[in-house]
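Worksheet: the structure to be examined is printed underneath.
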Amino acid sequence: MNPLLSRIIGGPSALFVALAIVASHPTGSPAADAPTPKRPYDEIVPAAKIPLSEVSDEDLAYYFAIRWFSNRDYFRANRWFGIQTFQNPLDVWITQEIIYEVEPEVIIETGTYNGGSALLWASILQQIDRDGLILTVDIEDRTRKASQHRLWKRRVKFFHGSSTDPAIVRQLEPLIEGKRVLVILDSLHTPEHVQAELEIYSKFIPVGSYVIVQDTGIVKPFKAPNTGTEGIEAFLAATDEFEVDRSRERFRLTNNPGGYLKRVK
Ligand SMILES: C[S@@+](CC[C@H](N)C(=O)[O-])C[C@H]1O[C@@H](n2cnc3c(N)ncnc32)[C@H](O)[C@@H]1O
């Protein structure tokens, strides 16, 4: 085993406790009127056991991602307004920034699951567009609890069926005609399905807006097998209208590496 990896896996809590210490006490605890001393991280976080200067951002995110994925409780316990949702909070932050910038009138989400993520997008969108709608599609209807929510009743419309079924797309079309649309793909993550979804839903995206392909992997070097990445590559090979916006991966820890696709033409 890589000695760096074994050291990190041997003491990840020490490392992250140390990071928390740095985050919560960025200036140490000097006397009230003393100037803030400039100290290298290695000096102020000896509990990390390894000098942080030896660990790149990418390695740090990579090892954390391994831990994140090997302990599913990290994200399975996530709730939005009481509804389980499988979102990486760092990607939620980025998506919030995109929603704020793009100001969509409609967000299409494929892959509703329990409806927690539809409620999440709705709670952001309602601050931006008073009439904004979330159209969410799933082959299974598990929305009983989420649909009781006031916000769901006002903002969310659920469509029961496959995201690639022409009959479902026909139901969506009248609701998005002439609207500024953003699309979030979080249904079946196989390359074929993602490519098919991209070919269908990219048509509805105006220049400047995005289609976000979720769960392409986790952090850049860690590519989960059988994800949408090949579907994205095949889609991009046939168009110059979309580009991968890598600036949206600035936290390093993303479930959507290569998945933030911006319409540029
Ligand atoms: C990862 S979950 C979605 C998680 C949800 N967006 C959240 O953040 O909580 C994937 C969902 O895709 C649905 N699904 C699978 N194949 C589908 C298809 N062809 N069309 C629409 N939804 C599909 C599954 O039933 C499942 O609920």
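When a residue number appears, it is its place in the shown sequence, counting from 1. Whatever order the structure lists ligands and atoms in, that order sets their numbers, starting from 1.
- Taken together through direct or relayed side-chain contacts under 4.5 Å among Ile, Leu, Val, Met, Phe, Trp and Tyr, V181 and V213 form part of one hydrophobic cluster.
- Heavy-atom proximity to E109, at under 4.0 Å, picks out these atoms of ligand 1: 6 (N).
- Of all atoms in ligand 1, numbered sequentially from 1 with element shown, those under 4.0 Å from a heavy atom of S187 are 10 (C), 12 (O), 14 (N), 17 (C), 21 (C), 22 (N), 23 (C).
- In the vicinity of R142, heavy-atom distances shorter than 4.0 Å reach the ligand 1 atoms 25 (O), 26 (C), 27 (O).
- L188 and I184 fall into different hydrophobic clusters, where Ile, Leu, Val, Met, Phe, Trp and Tyr are joined by side-chain heavy atoms under 4.5 Å apart, directly or via other members.
- W152 and I124 fall within a single hydrophobic cluster, where Ile, Leu, Val, Met, Phe, Trp and Tyr side chains are chained together by heavy-atom contacts under 4.5 Å.
- Where the criterion is an N or O separation shorter than 3.5 Å, residue side chain and backbone included, H189 fails it with respect to ligand 1.
- Ligand 1 has no atom lying under 4.0 Å from any heavy atom of T110.
- Residue Q214 places no heavy atom under 4.0 Å from ligand 1.
- A donor-acceptor pair under 3.5 Å is absent between the side-chain atoms of D186 and the main chain of Q214, judged by distance alone.
- On a distance-only criterion, D215 and ligand 1 share no N/O pair closer than 3.5 Å.
- Heavy-atom contacts of T85 reach the following atoms of ligand 1: 7 (C), 8 (O), 9 (O) (cutoff under 4.0 Å).
- Annotation for ligand 1: atoms under 4.0 Å from non-hydrogen atoms of S117 are 5 (C), 6 (N), 7 (C), 8 (O), 9 (O).
- Other residues, nucleotides and ligands contribute only 12 or fewer heavy atoms inside 6.0 Å of the CZ atom of R150.
- When hydrophobic clusters are built by joining Ile, Leu, Val, Met, Phe, Trp and Tyr residues whose side-chain heavy atoms come closer than 4.5 Å, directly or via intermediates, L120 is grouped together with L125.
- The ligand atoms of ligand 1 that sit less than 4.0 angstrom from a heavy atom of S162 are 18 (C), 19 (N), 20 (N).
- Using a 4.0 Å cut-off between charged side-chain N and carboxylate O, R263 and E241 make a salt bridge.
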